[in-house]
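Below is one structure, written out as structure tokens; comments come after it.
Every chain is numbered from 1 and lettered A, B, ... according to where its sequence line falls, protein lines coming before strand lines.
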Protein chains: 2
Amino acid sequence: MAGAIADPVRREILVMLRDRRLSAGEIAERFDISRPAVSRHLRVLRNSGLVRDELVGRRRLYALDAGAFAELAEWLAPFVQPSGWERRLDALETEIYRTRREHRARGAAGQAKENTA
Amino acid sequence: MAGAIADPVRREILVMLRDRRLSAGEIAERFDISRPAVSRHLRVLRNSGLVRDELVGRRRLYALDAGAFAELAEWLAPFVQPSGWERRLDALETEIYRTRREHRARGAAGQAKENTA
DNA sequence: GGAAAGCGTAACCTACTGGTTACGCGTCAG
DNA sequence: CTGACGCGTAACCAGTAGGTTACGCTTTCC
């Protein structure tokens, strides 16, 4: 399911559906890609459960399915605002590593370069 | 960035890092795939900003970056608990479509099959 | 100083993804 | 009934993602 929101086109479709329910054609005409391409994106969204579809005459209306998004949010929740526990454990672990190292090499200063800030 | 959480291996790495900070090797040995493969997953996570890395001696420690997750959560937020607005608009739109249709065809009953429940 | 440890990168191959055009099927309009 | 509309599917193709093995660089240990 997480793979469904990986594609930018699909994410934009989801944003569009946030406002109102839309037919396949209405969705497709807002993109520069062909209609079948959009149709397949819609199928992926359908299979992922992020979207529900309803046949109305010869049109097919798409709407968001809140349930799937709730699942996503549920997965994401533990990652936002780390509980503070980990930071302490990290510090402890680093300390262990450093003391073990400095047990021998006395002259080497403790250096650690931060990346990907 | 959303593409980074599409892969199941990367998601599992993130879960692992939720508890404590880990070195590349510690991460790699928990998977059946080769170490270089894990290394590239880590690069993807690094480039996506979901993970920060710090060089400690000859090891490279990885830790979650809360900022990126906050962004994700921010994007996801508008999708959980729809505001109620859309449902009303949907109902209205459906009504318009039906009345226009039934203006001519009197006998046809309003039918709409739900899919992908 | 030299061997080993810890990681990343390069080159390569396969599998999937996402795009296209051509087509088929059901529904509405006249 | 027949033509147009709306939409999905099939077949095909190029680009990317993710796996592997081989290799190189930096840091630690003796």
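- In this structure, of D:dC5, C:dG19, D:dG8, it is C:dG19 that holds the atom nearest to the side chain of A:A37.
- The main-chain N or O of B:A6 is found under 3.5 Å from a side-chain atom of B:R11 such that the two form a donor-acceptor pair.
- Per the geometry, CG belonging to A:D53 stands 18 Å off P belonging to D:dG6, to the nearest Å.
- The pair A:R35-A:E29 does not meet the salt-bridge criterion, since no charged nitrogen lies less than 4.0 angstrom from a carboxylate oxygen.
- A donor-acceptor pair under 3.5 Å is absent between the side-chain atoms of A:E12 and the main chain of A:V9, judged by distance alone.
- One axis for each end of the helix from C:dG1-D:dC30 to C:dG30-D:dC1, each built from five base pairs, and the angle between them comes to 30° at 10° resolution.
- Considering only side-chain N and O atoms, B:S23 lies under 4.0 angstrom from the phosphate OP1 or OP2 of C:dC7.
- The separation between A:I27 atom CD1 and D:dG8 atom C1' is 14 Å, rounded to whole Å.
- Judged by the 6.0 Å distance and 45° axis criteria, B:R18 is positioned over the aromatic ring of A:F79.
- Looking at heavy atoms from C-beta onward, B:V80 lies out of side-chain contact with A:L72 at the 4.5 angstrom threshold.
- With rounding to whole Å, A:E54 atom CD is found 14 Å from D:dG8 atom P.
- Counting distance only, with no hydrogens placed and no angle test, the side-chain atoms of A:R60 and the base atoms of D:dG8 include no donor-acceptor pair under 3.5 Å.
- Contact check for A:E54 versus A:R21: side-chain heavy atoms found under the 4.5 Å cut-off.
- Rounded to an integer number of Å, the gap from B:L42 CG to D:dG19 C1' is 15 Å.
- The side chain of A:S39 lies closest to D:dT9, out of D:dT9, C:dC7, D:dG19.
- When rounded to the nearest whole Å, the span between CZ of B:R35 and C1' of D:dA22 equals 12 Å.
- Here D:dC7 is the nucleotide among C:dT21, C:dG8, D:dC7 with the atom lying nearest to any side-chain atom of A:A24.
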Could you run down the sub-3.5 Å N/O contacts of the protein with nucleotides 14-18 of chain D?
{"residue": "D:dG18", "atom": "OP1", "partner": "B:D7", "partner atom": "OD2", "Å": "3.2"}
{"residue": "D:dG18", "atom": "OP1", "partner": "B:R10", "partner atom": "NH2", "Å": "3.4"}
{"residue": "D:dG18", "atom": "OP2", "partner": "B:R10", "partner atom": "NH1", "Å": "3.3"}
{"residue": "D:dG18", "atom": "N7", "partner": "B:R40", "partner atom": "NH2", "Å": "3.1"}

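- At the phosphate of C:dT9, OP1 or OP2 sits under 4.0 Å from a side-chain N or O atom of B:R43.
- Put simply, the side chain of A:R10 gets close to the backbone of A:A4: a donor and an acceptor are under 3.5 Å apart.
- Of the candidates C:dT21, C:dG8, C:dG6, C:dG6 carries the atom nearest the B:R58 side chain, counting heavy atoms from C-beta on.
- Of the possible donor and acceptor atoms, none in the side chain of A:R60 sits under 3.5 Å from a partner among the backbone N and O of A:D53.
- Contact annotation: B:Y62 side-chain N/O to C:dG6 OP1/OP2 distance is not under 4.0 Å.
- The CG-C1' distance, from A:L22 to D:dG6, rounds to 15 Å in whole Å.
- When rounded to the nearest whole Å, the span between CG of B:L55 and P of D:dC25 equals 17 Å.
- Distance CG (A:L45) to P (C:dG18): 11 Å, rounded to an integer number of Å.
- For the pairing with B:Y62, the side-chain contact (heavy atoms from CB on, under 4.5 Å) check across B:L45, B:I27, B:L22 returns one residue only, B:I27.
- Partners of B:R40 according to the side-chain contact (heavy atoms from CB on, under 4.5 Å) rule, which considers only residues two or more places apart in sequence or in another chain, are B:R43.
- For D:dG19, the OP1/OP2 oxygens have no side-chain nitrogen or oxygen of B:S34 closer than 4.0 Å.
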